[in-house]
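By convention in this document, chain letters (A, B, ...) are assigned in the order of the sequence lines, proteins followed by strands, and residues within each chain are numbered from 1.
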2 protein chains.
Amino acid sequence: MLDDLDRRILRHLQGNPSQSLPELADRLGLTTSRLSRKIDKLREGGILRGQRAVIDWQALGYAVEVSLRVTLDKTQSRAFDDFLEAARDIPEVIEIQTFLGQVDVRLSVIAKDMTHYQEIYRRRILTLPHIADIEALMHVARIKSDESLPI
Amino acid sequence: MLDDLDRRILRHLQGNPSQSLPELADRLGLTTSRLSRKIDKLREGGILRGQRAVIDWQALGYAVEVSLRVTLDKTQSRAFDDFLEAARDIPEVIEIQTFLGQVDVRLSVIAKDMTHYQEIYRRRILTLPHIADIEALMHVARIKSDESLPI
DNA sequence: GATGAAAAATCTGTGAC
DNA sequence: GTCACAGATTTTTCATC
C-alpha cells in the first residue's frame, strides 16, 4: 500500500516541510508533477493530514509544564467520559492520553509560571469530575517530540 | 508584545493549518499583505517556528503506543546524557521528556503490533545505558495533542 | 493507468501610496 | 494599513507511453 518512494517522500516532508515541490522533486530525482500527484495520493489516503504551524509556546511566555497522572473513581460508569470531556475544555491542558492499567489518564498542563500553575491546578484540574488520585511531575525538557517517525 | 490579532492568527494557524494566506486573511477580515507581514513578525519573534507535515502514523500501520517511565542509575554522572543521546536515536521513540522528581524520563514508543513492540523493547529499550527501573503503560488513545494551545 | 512538459491558476512577498 | 504588481509555486491540462 505504501511503496518505497512514498516512504522517502514522507521522510522528507517530515524533516523539511517548507521546501517547494520542484526542490523536493529534484532531491528525490522525480519530476514535479509526479511528486505532486504522489503527495495528493498520500493526502487522499489520510496518511498526510496537512501541515501544521509549529508554535513555540515558551516564546509565548509559558515556562512551566507539568505532567499529571490521574486515576479515576471507577465506581462511576461515566467517570471516563465525564472527565475527558471536561478536561478537553481546559485550554492549558495541551495533551490528554488514556491508558490501560493502573493509571487512567495522563494530562500535560502548561502555565506561565508556578503561581499561574497553582491557579489552574486548583481552579480547573482539581474541580474535574471523578478524580480518585493525582500524581504530578514537573517537566524539565522535551528532548524529542514527534519530529521523526519511523517511516 | 502580542496583540489580539496576533493571537487570533496563531489560533487559526494552529487549527486549520494548510489554508493559504488569502483564505485566512478573508476569515480574519484582513488584507493578504497585512496578514503576510503579521506572520513575518511572528516568525521573527521566534513564536512561529515553521510548519510541520502532520503524518498519521496509525494510517501507516502503527497500532501500538506505549508510555515508558524510566528511572536512571544516578550513581553515574553521565547517566542522563548517555541515556538521552541513545534514546534519541531510536526511531520508534517518538517522544522524550525529562522530569524533576522521582521519575527521570518519559518515553513514548510506537510499534506496529505487540510482537513488534516486544522486539523494540528488548533489543532497543532495555539495552539503553544506565536504566535503574522502567514502568510501562499501554496507551489507549490520544484525546488531545497539542492542537490547541491557550493563545 | 501512469508519466512528463508546459500552460494556467494561484499564491507570496515587496514596494508604492 | 491598503493596493497592485512581479516572481515563485502549485495545479491542471494534454499528449504520450
Side-chain angles (χ1 to χ4, degrees), chain A residues 1-62 145-151, chain B residues 1-62 94 112 145-151:
Chain A
M1 175 191 137
L2 209 66
D3 60 28
D4 215 59
L5 185 53
D6 288 324
R7 272 171 233 281
R8 284 202 298 148
I9 292 170
L10 287 173
R11 234 176 282 141
H12 277 268
L13 287 179
Q14 235 187 181
N16 271 23
S18 51
Q19 61 193 332
S20 67
L21 289 187
E23 212 171 339
L24 181 58
D26 225 45
R27 261 166 214 269
L28 295 166
L30 302 176
T31 58
T32 309
S33 48
R34 189 166 167 212
L35 175 61
S36 167
R37 276 182 274 241
K38 273 280 183 190
I39 291 178
D40 278 351
K41 281 273 166 66
L42 289 170
R43 260 199 279 262
E44 279 167 32
I47 290 166
L48 252 182
R49 293 253 212 93
Q51 308 242 195
R52 171 180 303 166
V54 180
I55 294 171
D56 182 345
W57 41 266
Q58 309 214 7
L60 274 173
Y62 285 87
S145 169
D146 245 16
E147 297 117 22
S148 50
L149 297 171
I151 301 172
Chain B
M1 175 193 135
L2 210 64
D3 62 29
D4 214 59
L5 185 53
D6 288 324
R7 272 171 233 281
R8 285 203 297 148
I9 292 170
L10 287 173
R11 235 178 281 140
H12 277 267
L13 287 178
Q14 239 187 178
N16 275 22
S18 49
Q19 57 194 335
S20 65
L21 289 187
E23 214 171 336
L24 181 58
D26 226 44
R27 261 167 213 268
L28 295 167
L30 303 177
T31 57
T32 310
S33 52
R34 189 170 165 210
L35 175 60
S36 167
R37 274 182 264 248
K38 274 280 186 191
I39 290 179
D40 277 352
K41 280 273 167 64
L42 289 170
R43 259 199 280 264
E44 277 168 32
I47 290 166
L48 256 179
R49 290 253 215 94
Q51 307 255 130
R52 170 177 306 168
V54 181
I55 294 170
D56 182 345
W57 42 265
Q58 308 213 8
L60 272 174
Y62 285 86
I94 61 167
K112 309 249 179 196
S145 168
D146 243 17
E147 294 118 22
S148 50
L149 298 171
I151 300 171

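Counting heavy atoms from C-beta on, the side chains of A/Arg34 and A/Leu5 come closer than 4.5 Å. At least one side-chain heavy atom of B/Leu24 sits less than 4.5 Å from a side-chain heavy atom of B/Leu13. Within the 4.5 Å cutoff, no side-chain heavy atoms of A/His12 are placed close to those of A/Ile9. With a 4.5 Å cut-off on side-chain heavy atoms, B/Leu30 and B/Arg37 do not count as touching. At a threshold of 4.5 Å between non-hydrogen side-chain atoms, the residues B/Asp6 and B/Ile47 do not count as touching. At least one side-chain heavy atom of A/Arg43 sits under 4.5 Å from a side-chain heavy atom of A/Ile39. Looking only at side-chain heavy atoms (C-beta outward), B/Leu48 and A/Val54 stay at 4.5 Å or farther from each other.
Atom CD of A/Glu23 and atom P of D/dA8 are 13 Å apart (whole Å). The interatomic distance linking A/Ile39 (CD1) with D/dT9 (P) rounds to 14 Å, in whole Å. Computed from coordinates, the B/Arg34 CZ to C/dA16 C1' distance equals 18 Å when rounded to whole Å. Rounded to an integer number of Å, the gap from A/Lys38 NZ to C/dT3 P is 7 Å. Atom pair B/Asp26:CG and C/dT12:P shows a separation of 13 Å (rounding to whole Å applied). In this entry the distance linking CD of A/Gln19 with C1' of D/dA8 reads 16 Å, nearest Å. Rounded to whole Å, the distance from CG on A/Leu30 to P on C/dA5 is 12 Å. Summarising the geometry, the separation between CG on B/Leu35 and P on C/dT12 is reported as 9 Å, rounded to the nearest angstrom.
Residue B/Ser36 has a polar side-chain atom (N or O) positioned under 4.0 Å from OP1 or OP2 of C/dG13. For C/dT3, the OP1/OP2 oxygens have no side-chain nitrogen or oxygen of A/Ser33 closer than 4.0 Å.
The end-to-end axis angle of the helix from C/dG1-D/dC17 to C/dC17-D/dG1, rounded to 10 degrees and based on five pairs per end, is 20°.
Listed nucleotides: C/dG13, C/dG4, C/dA2. Nearest to the side chain of B/Leu21: C/dG13.
Between A/Ser20 and A/Arg37, the residue anchored closer to the 5' end of DNA chain D is A/Ser20, taking for each the nucleotide with the nearest heavy atom.
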